[in-house]
Amino acid sequence: MFTDLLLDQRLLKSVDKLGFEQPTPVQQQAIPLAMAGKDLLVNAATGSGKTAAFLLPILQRMITSPGPKEGTRALVLVPTRELARQIGKECEKLASYCGLKVGVITGGQEFSVQRALLRRDPQIIIATPGRTLELVKEGTTLFTGLEVLVLDEADRLFEMGFIDDVLAIIATCNPARQTMLLSATLPAGVRRLMQVLNEPERVTVNTAREQHDSIRQQYILADDDKHKEKLLLWLLENEPFERALVFTNTRDQANHLCGVMRYRGQRAGFLHGEVKQDIRNSTTTAFRDGKINVLVASDVASRGLDVKGIDLVVNFDMARKGDDYVHRIGRTGRAGQQGLAVAFIAPNEWNLKASIERYLNVTFESRKIKELPGTYKGPKKLKASGKAAGPAKSKKKKS
Ligand code: AMP
């Protein structure tokens with residue numbers, strides 16, 4: 001029960017309004033520790049409820065201990081603009097009875113707008129590192145009185161090359177702050193960031209690899225991109241779904257596919273790193289509102305996208321790494337809903353598929369679309385000896 005967590009009535013009211021009935025496992029574990037002022041290392045993936053797990057203790061602190069009249073009290077650093085906007089929204093909802101100001105600072109927006117926002121002195125800032133560092137350098141914002149620092153999706157902060165920026169920002173922060181680091185995976189690069197934690201308590205809920213029981217994971221063998229296009233259209237036309245997310249590894253492919261799907265009457269949009277911020281926002285909103293129901297995206301653009309009702313994820317190109325695959329399919333099957341993830345596997349992707357299966361310790365279900373048979377049938381079966389297996393010959397026992 002949320003009431004067991006000893007949260008302020010105003011927070012319980014907003015939690016109730018959001019329809020959260022029970023705290024999720026990460027919230028149950030992290031909230032009491034964070035409220036006791038501990039530094040935290042939280043090993044949890046998107047979909048676990050990790051955002052409220054760090055926001056609620058921050059808000060509890062803000063409303064129960066009066067801070068200075070001005071200055072940022074809490075800073076949440078995240079890898080992408082979409083994630084910053086999303087956390088900003090969740091924070092505003094959770095803080096709706098608390099009279100606190102929340103500011104979202106990301107790249108791709110006017111400096112003048114952001115300076116104006118900072119002049120209004122939000123107590124809580126949700127931000128991406130690059131722009132934050134620029135604002136720190138020009139002296140527009142100061143974190144010398146910071147009480148809480150959150151590094152969310154630290155594995156992605158690392159993968160996107162933000163570690164140096166993050167460390168430079170941390171160097172300007174109040175050393176007596178509380179720090180929480182959250183990450184779905186803990187690659188070596190994240191360990192550099194872990195050093196800024198002070199005797200952290202560790203919270204591990206089910207890791208990214210284990211959390212996907214509610215997602216059916218299938219693969220379909222494909223000859224080439226043209227064959228994949230046909231398979232994709234077939235799925236969109238025959239598989240019942242509310243919202244579908246299609247992943248490609250290149251921007252050109254995303255643009256092209258979106259065009260092909262629109263031509264075939266699908267309500268499709270695309271999202272990748274080169275799409276301007278305002279278009280990105282409107283595309284995400286259209287997807288959330290159901291104006292479009294197919295989104296073609298790159299890994300970076302989809303990161304942190306929390307749109308409810310994504311029930312089909314298609315890996316048009318297979319993810320290049322296990323963690324990327326986990327993040328991709330993590331968009332579906334959220335909050336206990338059943339989801340379907342389908343990967344198209346061309347001959348040059350078979351080994352990748354096999355290594356991702358080993359990494360996740362799962363075997364994807366093989367699926368065939370009988371209307372669209374291909375010539376690629378998978379690698380030749382290997383005998384234990386490593387030689388390609390031919391038809392079995394019956395050996396006569398020597399007597
Ligand atoms: P997150 O892992 O923070 O991205 O959260 C995933 C989704 O779960 C978001 O849509 C949250 O609004 C939602 N959520 C967070 N906590 C709860 C809860 N206790 N009960 C139900 N939904 C929740």
Side-chain angles (χ1 to χ4, degrees), residues 37 39 51 54-55 57-59 61-63 65-92 95 98-154 156-182 189-190 192-198 273 276-278 280-281 304:
D39 275 12
T51 313
F54 64 77
L55 287 178
I58 290 177
L59 295 171
R61 175 195 279 260
M62 309 267 131
I63 52 185
S65 72
K69 284 249 169 343
E70 51 188 38
T72 311
R73 299 183 66 187
L75 171 67
V76 179
L77 289 176
V78 302
T80 66
R81 300 165 183 183
E82 271 79 21
L83 187 60
R85 288 201 310 136
Q86 240 163 255
I87 296 179
K89 279 196 187 135
E90 184 150 351
C91 192
E92 272 168 6
C98 306
L100 292 166
K101 277 175 279 178
V102 182
V104 174
I105 301 283
T106 63
Q109 277 171 342
E110 295 281 337
F111 271 95
S112 56
V113 174
Q114 296 186 335
R115 290 194 193 103
L117 186 150
L118 290 168
R119 272 197 297 278
R120 275 185 268 131
D121 210 19
Q123 290 97 340
I124 305 170
I125 292 183
I126 324 284
T128 48
R131 180 57 63 92
T132 308
L133 187 58
E134 285 176 83
L135 290 163
V136 169
K137 280 186 180 156
E138 68 169 29
T140 308
T141 182
L142 273 181
F143 299 124
T144 44
L146 196 76
E147 293 168 46
V148 187
L149 171 69
V150 177
L151 307 171
D152 191 22
E153 309 219 338
R156 268 298 147 123
L157 283 170
F158 162 67
E159 280 169 26
M160 293 173 68
F162 282 135
I163 297 288
D164 288 333
D165 284 1
V166 171
L167 289 172
I169 295 166
I170 294 176
T172 71
C173 292
N174 174 12
R177 66 179 188 270
Q178 175 184 25
T179 310
M180 300 186 234
L181 184 151
L182 298 97
V190 172
R192 258 181 87 200
L193 272 187
M194 280 160 53
Q195 287 165 9
V196 307
L197 298 171
N198 178 20
K276 284 219 186 83
Q277 188 61 37
D278 50 341
R280 277 212 226 181
N281 295 350

*Asks:* Does any part of the side chain of V196, heavy atoms only, come nearer than 4.5 Å to the side chain of V166, both counted from C-beta?
*Replies:* no

*Asks:* In chain order, what residues pass the side-chain contact (heavy atoms from CB on, under 4.5 Å) check against D121, with sequence neighbours excluded?
*Replies:*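 If we apply the side-chain contact (heavy atoms from CB on, under 4.5 Å) test to D121, skipping adjacent residues, the hits are E70.
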
*Asks:* How far apart are the closest heavy atoms of Q277 and G108, and which atoms are they?
*Replies:*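 It is CB-O, 3.8 Å.
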
*Asks:* Under the side-chain contact (heavy atoms from CB on, under 4.5 Å) rule, collect the residues that match up with N174, sequence neighbours excluded.
*Replies:*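 By the side-chain contact (heavy atoms from CB on, under 4.5 Å) rule, N174 matches L146, A176.
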
*Asks:* Could you list all the side chain to side chain donor-acceptor pair (under 3.5 Å) pairs where at least one residue sits in residues 156-166, not counting sequence neighbours?
*Replies:* R156-E159, R156-D324, D164-R192

*Asks:* Sort and list the pairs that fulfil salt bridge (charged side-chain N to carboxylate O under 4.0 Å, His left out) and have at least one residue in residues 126-139, not counting sequence neighbours.
*Replies:* R115-E138, R131-E134

*Asks:* Identify the two heavy atoms, one from V102 and one from G88, that lie closest to each other, and give their separation to 0.1 Å.
*Replies:*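 What the structure gives for the nearest pair is CG1-O, 4.3 Å.
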
*Asks:* Which residues pass the side-chain contact (heavy atoms from CB on, under 4.5 Å) test with L118, sequence neighbours left out?
*Replies:* I105, I125, L135, T140, T141

*Asks:* Closest approach of R177 and V148, non-hydrogen atoms and distance?
*Replies:* CB-N, 4.5 Å

*Asks:* When you compare the side chain of L157 with that of D152, does any pair of heavy atoms fall below 4.5 Å?
*Replies:*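 Not touching, per the 4.5 Å side-chain cut-off.
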
*Asks:* Over all heavy atoms of both residues, which pair between F162 and P129 is shortest? Give the atoms and the distance, please.
*Replies:* CG-CG, 3.7 Å

*Asks:* Provide the closest heavy-atom pair for I63 versus C98 in the form atom of the first, atom of the second, distance.
*Replies:*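 Result for this residue pair: CG2-CB, 3.6 Å.
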
*Asks:* Return yes if some donor-acceptor pair links the side-chain N/O of Q123 with the main-chain N/O of K101 below 3.5 Å, else return no.
*Replies:* yes

*Asks:* Checking Q109 now: which residues fulfil side-chain contact (heavy atoms from CB on, under 4.5 Å) with it, not counting sequence neighbours?
*Replies:*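 side-chain contact (heavy atoms from CB on, under 4.5 Å) check on Q109 returns T106, Q114.
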
*Asks:* Stepwise, does the side-chain contact (heavy atoms from CB on, under 4.5 Å) test hold for N281 with R81?
*Replies:* CA-CA 10 Å; N281 295 350; R81 300 165 183 183; over 6 Å; no

*Asks:* Quick check: do I169 and L149 have side-chain heavy atoms less than 4.5 Å from each other?
*Replies:*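 When only atoms from C-beta onward are counted, L149 and I169 do not touch, as no gap falls below 4.5 Å.
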
*Asks:* For residues L117 and P122, report the shortest heavy-atom separation together with the two atoms involved.
*Replies:* O-CD, 3.5 Å

*Asks:* Donor-acceptor check, side chain of D39 to backbone of T179, threshold 3.5 angstrom: yes or no?
*Replies:* yes

*Asks:* Indicate yes or no: at least one non-hydrogen side-chain atom of V104 is less than 4.5 angstrom from one of E92.
*Replies:* no

